[in-house]
Each structure stands twice: as C-alpha cells, then as structure tokens.
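The residues of the chain are indexed from 1 along the displayed sequence. What you see is a predicted model, and the numbers here were worked out from it, not measured in a lab.
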Amino acid sequence: MPNWLDNAIFYEIYPQSFQDSNGDGIGDLQGIIQRLDYIQQLGCNAIWLNPCFDSPFADAGYDVRNYCRIAPRYGTNQDMKQLLDQVHRRKMRLILDLVPGHTSVEHPWFLESMKPEENEYTHRYLWTDSIWEDFNGVENTTGCLRGISPRNGSCAVNFFSTQPALNYGFANPDPAKPWQKSSDSPEAQATLNAMIQVMDFWLKMGCDGFRVDMAGSLVKNDPDQEATIRLWQKVRAFLDENYPDAALISEWGNPGRALRGGFHMDFLLHFGPSRYWELFRSNAPYFSRKGKGEIGGFLMKYQEFVQECGGEGLICLPSGNHDMERMSYFLDEEESKLAFLFLLTMPGAPFIYYGDEIGMRYLENLPSKEGGYHRTGSRTPMQWDDGVNAGFSTAAKEMLYLPIDPNPFRPTVQTQQIAPGSLYHTVQKLINLRLAHSALQSNAPVEFLAGEVEPYPLVYRRKNQEEDIIVILNPSNQSYQYTLPWKEEEVQVLYQLGGVCTWKERVVNVDRETGLLLLYRPAEPEDSQGF
C-alpha cells in the first residue's frame, strides 16, 4: 500500500461548484488552485476530484466523451498539470474520478461501435445480435438503446440512457447468445487494456491514483463478483509494476471483495450492506441527540468487513458525497461535531465532502441539473464569504451552475473561521489531533468496547506500538456511565467536546452530547497490557 495513505485525509471537490475563476458561473481548475491553501489550512492532505473529463454533462461528467481531455469548461490539460504541480508543491495528493463502466453516447468509441461494419470498436460495448433482443435478466444494466443506428442490435446502458455499457464480458456467458463474451475473451481484455491506457495517461502527468466509479459492476452476470475481482487484480498488477505509489480506491460498498480485488480502500456507501446510512442519514440517525438511533448493526457489519479483509487495506468513511443529502439535512451543527469526531478517529482514510466542514445545507426542491435529480441539492456552490454569490463567482446570478443557498444565515468559510467554537474549527482541531497521533490514523486497528448491545455510549480503542487511545462518544441527550480499563492517574484527556465529564477511579460519567479522547500513559511500560 502507498505509504502516503497511512495518514491521508481526503477533501472531495465537485469541480463545477467549488470556485469559478473566470466569471462564467461554473467552477474550474484554476479556481481550485486558488483555494488549495484553504484545503491545506483545514488540514486535509489529499483531494478527490469528481469527474473533470470532456463530457456532454448529461450526468455531471459521469458520461465521458474523451477520457484524456479535460472538459473545456474546467480548463485544459495544462491546467490539470498546473493543479497537480501546485498540489504536490504543498506535499498533498490528488486522485481523479475514473468511470470505467460506461461512456457518453458521444464518445468516439461508441460512434464507431454503432456502425454495421466490423471494426476495432464493434465489441467495445455490450451489443446484442438483434434489435429485438434486450438485456432483461442481465445484472448491472438498466435497459438498452435500440433503433439508434444501422447496426442490428441493442446496446446495454448502465444507468441513464446516455451511458452505454462498456464490454468487460460475462462471468457466465450463455452459449446460446454468442454476443455474450467471456470475461477472459479478447474483446473484454481489449476494453480493460483501453482503460489501463487511460489510467497510464493521467498517472504519467502526476495524478496520485483513482477513485473508481461503480467498481463492482463491470463484469455482467457475476453474482459472486469473482470475475470482477480478477479483472481488478490485473489493474493492480499494472499499478504495482509501474506506479506503486498510486492509490486505487473503489466505490464498491463491499470491502471484503474490493480489497481482495486489489483496491487499497473501499467506501462504505449509503446503499448496500454496510448500514453506514444509519449513522448520519436515517430517520433516527445515531448521531442525533434524540437518542433513538442504534449502532450495533453497523459495528457488526464493519467488523465482518475487517475480518474479510484480513487486516489488509482500508475501509473509508465519508462525511457525505455528491450522491446523497448533506449531513446537515439530518444533524445540526453540534450533532455534526460529534459525527466528525467519529469520522476522524476511526481507521481508514476519512473523506470530507466540500462544504460539510462548515455545515452547508442541502437545498430541497431544486430543479434537476445534469442528471442530479434529488442529489442536486447537495451540489450547490461552495460558500466562501458574504460577498457576491458567496465568493463563488463574479457571474450574474442567473449564470451560476446552481443557485447559492438563499438563507441569509447560511454558513460561510468566513463566518465559521471567525467563530472559535464553530464546526470548521472543530473539524480542523480533530484533523490536527489525528495527524499528531499515529494510533488515530488509517492503519491502527479498532476494538469496540461498548455500543454493540446498548447503543450509548459508543466506546472504542485505537492502539498501535506507540499509543493507546480510547474514544468515548455519547451523542444522545441522556448521561451514561462507562468503566474504564485504566486507573484515573494513568489517563490523559487528549480532547473533550460538548458536556462535562467527570470520573472517580475507573468510572466515567459521560455527559449528554459529549465526545472524549483519552490517552493511556502507564507509569511503568510493563504495566501496559491489552484488555
């Protein structure tokens, strides 16, 4: 695993909404360069940049028209090179968003594949042999395109009808359907090789790796995903040989499979088996002060994932992303502080979605923009200050990519930085704590001491050869007690958030809405024992 992932803290940037540098109402790469110091001052040392490749933007850039060209609205390839250089000058890292499962219908590969004559791209996408045959029963497809060209056949789509599915083959091809190629076929391998060439292009420019969209969906009719795992193992072999310092991060939602496939990290998602959704975004979030949530199901699944991974690779917990409602839609500022305490003291590389660190709101009922639909309200422009368009752009209001939050009390970076106890300063302080203590970083294991049976308080231990730290979290509006495994005189309070905690001997009175980080410092080294 690349060493830089050991203490990586990622900041996710939605490029069209972060900073507009040229007054056209849309964020761009030069705007990101202008704000790198802000990201560094917050404490993040890595960036995940959402799709920035050439696209007609039917799905906000997840419909790629040219994998090796920056979308003109964001700038040029030279701007990307400058961004990478500026990131590295600050000793930070940047990963790009790779969309390997489908392209835009405007991609030259697809235009060639529509021709009835056999050519290099005839099998680059999933086509049936007859216009009358569709993809019913084929997993990880959502329909098909038909009657769009002289070619006799239907083409599978992965999500929107503007996103034809690339051909990585079938794990169990139907012999009666010759268009179903094996995942080991030359046709499937050609698609994989083309995607590896795309990765090679950006890695040569200085990119530090990729977050891979829908990573578990490439091979079709692959119920146990073993063929998909083998596919990604080939990619990992290429990276290990040529770019060993490059990170490979999956949107899979199943770390046991993703990490076996060669990914260094996998996201826990707002769908799938992880129960991540229950932490911050359910009808009764665990981190709500109402105290009606539960975390035992999440902890059980999390530990299953850790066991499946065999101690290799990282499980990532994001504050949110461009596909889900913002955390602030479910939690207020004080509740969000405790949620960030959890995110920034758990193993794996944490991801902060732009604006979550200042409590940006989810804007309801916005008209869909570029395929956003309900997600559009989480993609509004970053709120920097109280100036024109909240400092995002000098463009006229009607030219903005999406409207600025109209609330006159909307949070901004400027107001949050002025207020000492703000969410911004809490996140910044927690990041600094994480970076200062190796036991709180990515690789130190976690042991859950309380929370699996009774939900409050949540207590877990992070320990490595250098340090031994216990985290106690009580987001509820009730006080609880917890018996420490250590003597009072052996404990140093690293950080306290919220209410007042007191303890006598080993029993801690955990006040309501409180977070506590305790560092164990035994009087004699030989007294330090596991428990």
Side-chain angles (χ1 to χ4, degrees), residues 1 5-12 43-46 249 253 255 258-259 264-270 274-281 285-287 293-309 311-321 327 331 335-353 356-357 426-427 429-452 455-464 467-475 494-495 497 515-519:
M1 180 180 296
L5 290 176
D6 292 349
N7 68 349
I9 300 171
F10 282 87
Y11 192 84
E12 179 189 350
C44 294
N45 51 25
I249 306 172
L259 301 182
H264 298 110
M265 298 189 284
D266 184 38
F267 283 101
L268 296 189
L269 302 172
H270 54 296
S274 73
R275 303 185 69 169
Y276 160 85
W277 187 261
E278 299 171 11
L279 301 176
F280 319 122
R281 290 177 171 82
Y286 178 75
F287 283 91
E294 71 94 21
I295 200 168
F298 167 82
L299 299 182
M300 181 176 67
K301 198 63 190 175
Y302 184 92
Q303 291 176 100
E304 286 180 13
F305 285 148
V306 171
Q307 290 176 357
E308 290 173 6
C309 297
E312 297 295 326
L314 306 177
I315 300 172
C316 303
L317 288 164
S319 70
N321 64 36
M327 182 190 292
L331 305 176
E335 292 167 330
S336 295
K337 290 177 182 179
L338 288 170
F340 269 107
L341 195 157
F342 173 74
L343 287 169
L344 292 166
T345 57
M346 281 285 285
F351 280 73
I352 298 173
Y353 184 47
D356 279 356
E357 76 278 11
T426 298
V427 172
K429 188 172 293 185
L430 287 167
I431 289 174
N432 288 336
L433 273 170
R434 183 182 179 95
L435 294 174
H437 294 277
S438 59
L440 294 177
Q441 294 173 16
S442 296
N443 291 304
V446 62
E447 178 185 4
F448 296 106
L449 306 179
E452 293 179 271
Y456 303 99
L458 169 64
V459 184
Y460 50 95
R461 185 188 194 188
R462 303 290 312 280
K463 181 181 179 182
N464 61 12
E467 296 177 304
D468 196 349
I469 295 173
I470 278 184
V471 181
I472 302 176
L473 278 164
N474 177 25
L494 280 182
Y495 182 70
L497 177 66
L516 198 63
L517 271 69
L518 303 176
L519 177 63

Write down the atom of [X], the atom of [Y], and the distance for their closest heavy-atom approach.
| X | Y | result |
| --- | --- | --- |
| Ala349 | Cys316 | O-CB, 3.6 Å |
| Asp266 | Leu259 | N-CD2, 4.2 Å |
| Leu344 | Pro350 | CD2-CG, 3.8 Å |
| Ile249 | Met265 | CD1-CE, 2.9 Å |

Legend entry - Working for side-chain contact (heavy atoms from CB on, under 4.5 Å), residues His264 and Leu314: CA-CA 6 Å; His264 298 110; Leu314 306 177; over 6 Å; no
Legend entry - Side-chain touch Leu430/Arg434, heavy atoms, less than 4.5 angstrom: no
Legend entry - Leu518 and Leu494, any side-chain heavy atoms less than 4.5 Å apart: no
Legend entry - Ionic contact status for Glu294 with Arg275, cut-off 4.0 Å: yes
Legend entry - Sequence-distant partners of Arg281, side-chain contact (heavy atoms from CB on, under 4.5 Å), two or more places apart: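 Applying side-chain contact (heavy atoms from CB on, under 4.5 Å) to Arg281 gives Tyr276, Trp277, Met324, Met327, Phe330.
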Inset, instruction - With sequence neighbours left out, write down each residue that passes side-chain contact (heavy atoms from CB on, under 4.5 Å) with Asn45, or none if nothing qualifies. - result: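 By the side-chain contact (heavy atoms from CB on, under 4.5 Å) rule, Asn45 matches Asn7, Ala8, Ile9, Leu435.
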So, does [X] use its side chain to make a donor-acceptor pair with the main chain of [Y] at under 3.5 Å?
| X | Y | value |
| --- | --- | --- |
| Arg461 | Ile469 | no |
| Tyr286 | Pro455 | yes |
| Arg462 | Pro445 | yes |

Inset, instruction - List in chain and number order the residues that pass ring-ring contact (aromatic ring centres under 6.0 Å, His included) with Tyr353, two or more places apart in sequence or in another chain; answer none if no residue qualifies. - result: none
Inset, instruction - Output the distance between atom CZ (Phe10) and atom OG (Ser319), rounded to the nearest 0.5 Å. - result: 13.5 Å
Legend entry - Gap between atom CG of Asn443 and atom CE of Met1 - 0.5 Å precision: 6.0 Å
Legend entry - Test side-chain contact (heavy atoms from CB on, under 4.5 Å) applied to Ser274 and Phe298, step by step: CA-CA 6 Å; Ser274 73; Phe298 167 82; 5.5 Å; no
Inset, instruction - List the steps and the verdict of side-chain contact (heavy atoms from CB on, under 4.5 Å) for Leu341 and Leu517. - result: CA-CA 9 Å; Leu341 195 157; Leu517 271 69; 3.6 Å; yes
Inset, instruction - Consider only side-chain N and O atoms of Asp6 and Ser442, and report whether a donor and an acceptor are under 3.5 Å apart. - result: no
Inset, instruction - From the options Tyr456, Phe340, Phe342, select the one residue that forms a ring pair (Phe, Tyr, Trp, His ring centres under 6.0 Å) with Phe287. - result: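 Result: among Tyr456, Phe340, Phe342, Phe342 is the only option passing the ring pair (Phe, Tyr, Trp, His ring centres under 6.0 Å) with Phe287.
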Inset, instruction - Report the C-alpha distance between Tyr495 and Lys429 in whole Å, list the side-chain angles of each, state the deciding distance to 0.1 Å, and finish with yes or no for side-chain contact (heavy atoms from CB on, under 4.5 Å). - result: CA-CA 9 Å; Tyr495 182 70; Lys429 188 172 293 185; 3.3 Å; yes
Legend entry - Among Leu299, Val471, Ile472, the one residue meeting side chain to side chain contact (heavy atoms under 4.5 Å, CB included) with Leu458: Leu299
